[in-house]
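Have a look at the structure below before the remarks.
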Amino acid sequence: FAKGINLSRFTSTPQYLQAKRILSLFDDYWKIERDLRIIKYVEFSHLNEDSNKGDMDVVKKIFDKILVDEKESDNFNFFKNVFAIYLTNKPKESALKSEMQTLINKVYDLNIPVSHSYNIQQTL
């Protein structure tokens, strides 16, 4: 007891489990953030002001042309992946933003410090 007890080494403590739940929420948050950033990247880099970003058929044709042009480049797989993510997530962009806010609200609800009492007993 003279050296103290490092509670951070114990993964079953209430505060560790609370932090783990919060981290899980942040993992979900950052996955959504990544998808939203990809939407913005694609729009900024590949869809000009004249593009109809709401018409996925028009957008897909633009992407197909870019992929044909980039077929032999080292960036082909990158473009293919981000375009697929864009086509999947752009129609649900507002729902993703709403889900992010819900996750942040849950983080604030869960991150309130809680008092704990411990009973330390010697084991034989």
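Excluded from the calculations below are hydrogen atoms, water molecules and symmetry mates; all remaining heavy atoms, backbone and side chain alike, are included. Counting begins at 1 with the first residue of the sequence.
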Exercise for the section: Look up atom CG in Leu17 and atom CD1 in Ile22, then write down how far apart they are to the nearest 0.5 Å. Expected result: 11.5 Å
Practice task
Could you walk me through whether Lys71 and Leu67 pass side-chain contact (heavy atoms from CB on, under 4.5 Å), step by step?
Solution key: CA-CA 6 Å; Lys71 184 70 175 170; Leu67 290 175; over 6 Å; no
Practice task
Kindly indicate whether the side chain of Tyr86, heavy atoms from C-beta on, has any atom under 4.5 Å from the side chain of Glu93.
Solution key: no
Handout entry: For the student: nearest non-hydrogen atoms of Tyr16 and Thr11, plus distance
Key = CD2-O, 3.1 Å
Exercise for the section: First locate atom CD of Gln101, then atom OH of Tyr29, and finally report the distance between them rounded to the nearest 0.5 Å. Expected result: 8.0 Å
Problem - Joint hydrophobic cluster, Leu87 plus Ile66, side-chain heavy atoms closer than 4.5 Å - result: yes
Completion exercise
Value for CZ (Arg34) from CD1 (Ile39), rounded to nearest 0.5 Å, stands at 11.0 Å
Practice task
Examine distances only and state if a side-chain atom of Gln15 and a backbone atom of His116 form a donor-acceptor pair shorter than 3.5 Å.
Solution key: no
Handout entry: Short side-chain to backbone donor-acceptor contact, His46 and Phe44, under 3.5 Å
Key = no
Practice task
Check whether more than 12 heavy atoms from other residues, nucleotides or ligands sit under 6.0 Å from atom CG of Asp74, and answer yes or no.
Solution key: no
Handout entry: Point-to-point distance, once rounded to the nearest 0.5 Å, from CD1 of Ile38 to CD1 of Ile85
Key = 3.5 Å
Problem - Residue Phe26 excluded, over 12 heavy atoms near CZ under 6.0 Å - result: no
Handout entry: Donor-acceptor pair, side chain of Ser24 and main chain of Lys20, under 3.5 angstrom
Key = no
Handout entry: Check: Asp28 and Glu99 side chains under 4.5 Å, non-hydrogen atoms
Key = no
Exercise for the section: Quick one: pull up NZ in Lys80 and CG in Asn75 and give me the separation to the nearest 0.5 Å. Expected result: 14.5 Å
Problem - Thr88 side-chain N/O to Ala84 backbone N/O, donor-acceptor pair under 3.5 Å - result: yes
Practice task
Could you state whether Leu23 and Val107 fall into the same hydrophobic cluster, counting links through intermediate Ile, Leu, Val, Met, Phe, Trp or Tyr residues with side-chain heavy atoms under 4.5 angstrom apart?
Solution key: no
Practice task
Walk me through it: do Lys90 and Val59 pass the test side-chain contact (heavy atoms from CB on, under 4.5 Å)?
Solution key: CA-CA 11 Å; Lys90 180 60 179 177; Val59 170; over 6 Å; no
Handout entry: Ile112 versus Tyr108, closest heavy-atom pair with distance
Key = CG1-O, 3.7 Å
Handout entry: For Ile32 against Leu96, the heavy-atom pair lying closest together
Key = CG2-O, 3.5 Å
Exercise for the section: Mind telling me whether Phe63 and Phe83 have parallel, tilted or perpendicular rings, with 30° and 60° as the class edges? Expected result: parallel
Fill in the blank from the handout: In this structure, CG of Asn77 is separated from CD of Glu70 (nearest 0.5 Å) by 11.5 Å
Practice task
Considering only NZ, NE, NH1 and NH2 on the basic side and carboxylate oxygens on the acidic side, decide whether Asp35 and Lys31 come within less than 4.0 Å.
Solution key: no
Problem - Check against salt bridge (Lys or Arg N to Asp or Glu O under 4.0 Å), Lys60 and Asp64 - result: CA-CA 6 Å; Lys60 184 157 180 11; Asp64 289 342; 3.3 Å; yes
Practice task
List the steps, then state whether salt bridge (Lys or Arg N to Asp or Glu O under 4.0 Å) holds for Asp57 with Lys61.
Solution key: CA-CA 6 Å; Asp57 291 330; Lys61 288 177 184 173; over 6 Å; no
